Amino acid sequence: MKQDVNPNSIDLDTLRHSTAHLMAQAVQQLFPETRLTIGPTIEDGFYYDFQRDTPFVPEDLEKIENRMREIAKQGLEIKRREISKEEAYRFFEKAEEPFKKEILDGIDSDVVSTYSQGEFTDLCEGPHVPSTKFIKAFKLLHTSASYWRGDETKAGLQRIYGTCWHNPKELKAYLLRLEEAKKRDHRKLGKELDLYTVSEEVGPGLILWHPKGARVRYLIEEFWKKEHYRNGYDLVATPHTAKIDLWNTSGHTDFYKDNMFAGMEVEGKEYILKPMNCPFHIQIYKTSLRSYRDLPLRWAELGTVYRYERSGVLHGLLRVRGFTQDDAHLFCRPDQLEDEIVKVIGFVLFILKSFGFDEYKVYLSTRPDKFVGSEEEWEQATAALKNGLEKSKLDYQVDPGEGVFYGPKIDIKIKDSLGRYWQVSTIQVDFNLPRRFAISYIGEDSRPHRPIMIHRALMGSIERFFGCLIEHYAGAFPLWLAPVQVILLPITDRQHDYAEKVRQRLAAADIRVEKDLRNEKIGFKIREAQIAKIPYMLVLGEKEAESATVAARKRRSKETRTLGLDAFMDALQDDIRNKV
Ligand SMILES: [Zn+2]
Ligand SMILES: [Zn+2]
């Protein structure tokens, strides 16, 4: 049987988890004082957390990797055993593995399984590959500090990350992707292109948008607002803080407390920074009597919210403490739900496409174990989401039980240019808030009815979406989003006057233009403009000044094309309009 296993057909997760065991074995052979904790698989790889006083250094990783190769070659059989919990407890007591004993304490079943290879045994559910010889294409990547159970008050641990693939070819391709991702890291490019920073003096997770980053942000917002008006939405604006009573009614102080900033006192009343925009929009709904003829109401807001995240999990623009959601709340009648969902899906796809994303993964999350509302409501809402997806001809995956407690939802992930998926859009049906705030509309029968609420975000948050855009385009934004679209490069200072004339013409046509008047060689100025990822360079020499032309050069191209200023501007404006 074992001989028949085709190495390329092994489940990657099984292979990676087996590599984590292999790594733990090598670590304990080389550093016998090291204690084991856990070693799960993650996207594209695995890690193992070890207890050891000294952190691992890069030379250690090399040693561990070499030892792993030796053990893999030995082709040790990987054996599963089922034993009683007491026996396992005695075993790990003798092996001096206190964390394994703690894991055993948390297991309900009387029988547990262990996996052994050579002298190494780990408490594990499996499955694993049959022998260490199946593990051929792996690499240890980096280390980090971690904590037992992820809890800062518990034992400090050393984590080693690694990756493993079916064969060396796949591994090589992955490592190349990793290199490319490092070059595109939005934190690195954010600094190099002067887009944003985070200041220790302001506080972690709070983004400072520099002029160039803010330029892109305002372009995104401008487009977003225009398209919302076009698609039958109204824009609203609400404050950053509200009395705690509002959050008591919404239920946030019960189920969302851990994510909220602590309150502040104003004239004896407690106020909370808003973690969400929904209760404010509901307040606007409540200001007048609504009739069935008024619905649906679609209210959108670029709403800045504040959520507490542990400083350890903050990450550039992707995990922050203050961010602006491209939020909207739709209030509709039950008979309008499906139609509204179809419209929202169409709108989401249009917006994502405009930014250059046209491959998605779509998830429909259904009723979790703990939920509010009736089963009929859930069925109706889930059916509406499902029909919406089907009418939009979108392939989707059902995530059973992964809905939020107040309603089912659709999540959309976009695929970037490196093939990575980013969670951005979400569409959620909610029965809970309309009930908690007791909102209603007067139906055709002249009686009050409860509207259904849809929460939706297309980009998710502007911060996160911007981080995704930076990495997707490696900082070279498409023309319509580029903070500087054209840079003027006069060859000598005799062309400075002409450069100023060209600048005025372009600026008057709302083209974002800058001049580089430094006394540097033209080749040097071109290289710098390429590094700054400016889409167009206009080289201006004596000839161009005399004939009112420009020598235009695209960022990536080596060719220059000489053309009249008007012709250049026309072509440029076409490209901007077409979002090239
Ligand atoms: Zn295991
Ligand atoms: Zn909401």
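Read the numbers this way: they start at 1 and go in the same order the structure lists the ligands and their atoms. Just so we're clear, the structure is a prediction, and the values are computed from it rather than from any experiment.
Residue L140 forms a side-chain contact (heavy atoms from CB on, under 4.5 Å) with just one option from T19, T163, I64, D60, and that option is I64.
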I would like to know whether T114 and K79 meet side chain to side chain donor-acceptor pair (under 3.5 Å); could you show each step before the answer?
CA-CA 8 Å; T114 61; K79 284 178 280 193; over 6 Å; no
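Residues Y233 and F347 place their aromatic rings such that the two centres sit under 6.0 Å apart. Outside the 6.0 Å centre-distance limit, the rings of F405 and F371 are not counted as a close aromatic pair.
Side-chain atoms of E33 and Q51 include no donor-acceptor pair closer than 3.5 Å.
Within the 2.8 Å limit, H128 places no N, O or S atom next to the Zn ion (ligand 1).
Ordered by chain and number, C278 SG, H329 NE2, H455 ND1 make up the set of protein N, O or S atoms under 2.8 Å of the Zn ion (ligand 2).
Checking side-chain atoms of E97 against main-chain N and O of L36 turns up a donor-acceptor pair under 3.5 Å.
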